[in-house]
Protein chains: 4
Amino acid sequence: MTEAALNSYTSDDTKQADEGKPQEVGGVTGQRLRAFLERIERLEEEKSALAEDIKEVFGEAKAHGFDVKTMRKVIRLRKLDADKRQEEEALLETYMAAIGMV
Amino acid sequence: MTEAALNSYTSDDTKQADEGKPQEVGGVTGQRLRAFLERIERLEEEKSALAEDIKEVFGEAKAHGFDVKTMRKVIRLRKLDADKRQEEEALLETYMAAIGMV
Amino acid sequence: MTEAALNSYTSDDTKQADEGKPQEVGGVTGQRLRAFLERIERLEEEKSALAEDIKEVFGEAKAHGFDVKTMRKVIRLRKLDADKRQEEEALLETYMAAIGMV
Amino acid sequence: MTEAALNSYTSDDTKQADEGKPQEVGGVTGQRLRAFLERIERLEEEKSALAEDIKEVFGEAKAHGFDVKTMRKVIRLRKLDADKRQEEEALLETYMAAIGMV
DNA sequence: GAATGGTCCCATAGGC
DNA sequence: GCCTATGGGACCATTC
């Protein structure tokens, strides 16, 4: 995405910048906000790309004759395992904290 | 669904231990399936990590006094904008291809 | 909640009913819709009541010196257990279906 | 947090087996905790069941050609209305109490 | 008021 | 091609 596209909805500030004058409107705060927005948008693009990748891998597996639905079930189950383990540890920590073992 | 697929979650390692021979059960197919599962799980972990990052950035922005809900709105609008722009460009290319402008 | 309250947003039909004439506007369809809405609202009231009950039990437990946070953790963990078991069974069924054991 | 609370998830049954004596560890307190947990879990099951029921009713309505999304909107509006009415009644009662009208 | 967990709603994707 | 099912996101309530 181009910088221009990013500016499309906050264009007032940009226009001023284009005219070679420091931002009197919005100013530093606007700069900071824009920086946050762009960081987030960048991360979301990466996230979407990963989602694409995942879909592709499923497609590949399917092309090799594997059943996607079952694969999803297996993955979900493995995730439950991991979550359970994590939850157990969290509970243990809570207990230890409760009896003063920091 | 293949027999190998069905065996995927009862690990090859175990079977090997039982029979003392590498990959008699499931074999190459099981290996392939596992590879797919692991690739997917890896990608999903990365995706989750990015989701975490995004949350953190929002948190940071909030700490600087920005309203997260409004930020989300802005991002949504900008995304629509970007999608629209992309759509238009795609259409333009279609037209240009149609009239032989490569 | 009174019947009048339930009718507050679909009052047109009701008004006609009040005037001793069968519903020409909306008619049977409106009746059916209202019946659905009322069933749902009834169920949601019951659900809210249960949420209240749960809060009360936590309160009671707290009054007996139990730590609510830890209790929640334990409950969550037990739920994960249950989910995992259920998921395992679902996976097994998928497998059996896959090999034609209906 | 009490010691009994900490023992709640490692069941009394096991301890009993180990020591051959009923309820020496955890004891009455553990019993009480377990009772609380079970009451809560029972209530949560009922709550989930109701959520299921609600989904089913929506499904039924959909099968009759109603638009679920719109139905949700209507229900939300009617709820707001009900809340408002209740609020007003509460205020009225407060006033009446204030002027001694029991 | 900050953070966390829970619930609800929507949008997308896969199956029939 | 609909339609159900599932995952993700937003919102809200509650706790510390």
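Only a predicted model underlies this, so the values are computations on that prediction, with no experimental measurement involved. Each chain gets a letter, A, B and so on, in the order its sequence line appears, and its residues count up from 1.
Note that NZ of A:Lys47 is 11.0 Å distant from CD of B:Glu52, once rounded to the nearest 0.5 Å. Distance check: D:Glu38 CD to D:Leu33 CG gives 9.5 Å after rounding to the nearest 0.5 Å.
Within 4.0 Å of D:Lys47, counting heavy atoms only, lie sugar-phosphate atoms of the nucleic acid but no base atom.
Distance D:Glu52 CD to F:dT6 P: 11 Å, rounded to the nearest Å. The CD1-P distance, from B:Ile54 to F:dA10, rounds to 10 Å in whole Å. Note: CE (B:Met71) to P (F:dG9) measures 16 Å, nearest angstrom. One can place CD1 of A:Ile75 at 15 Å from P of F:dT6, the figure rounded to the nearest angstrom. Here the P atom of nucleotide F:dG7 and the CG atom of A:Leu80 are 10 Å apart, to the nearest Å.
Put simply, chain D comes within 4.0 Å of DNA chain E, heavy atom to any atom, from E:dT7 to E:dC10, going 5' to 3'.
With a 4.5 Å cut-off on side-chain heavy atoms, D:Arg85 and D:Glu89 count as touching. Side-chain atoms of D:Glu44 and C:Ile75, non-hydrogen and from C-beta on, do get closer than 4.5 Å to each other.
Comparing D:Gly59 and B:Ala51, the nucleotide of DNA chain F nearest to each residue sits closer to the 5' end for D:Gly59.
Applying the 6.0 Å contact sphere to CZ of A:Arg76 captures more than 12 heavy atoms from other residues, nucleotides or ligands. Open room surrounds CD on C:Gln86; 12 or fewer heavy atoms of other groups in view lie less than 6.0 Å from it. Around CD of A:Glu60, the count of heavy atoms belonging to other residues, nucleotides or ligands within 6.0 Å exceeds 12.
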Pull out every protein N or O sitting under 3.5 Å from an N or O of nucleotides 11-16 of chain F, one pair per line with the distance.
residue, atom, partner, partner atom, Å
F:dT14, OP1, C:Lys55, NZ, 3.3

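The shortest heavy-atom contact between B:Thr29 and A:Phe66 is O-CZ, 3.5 Å.
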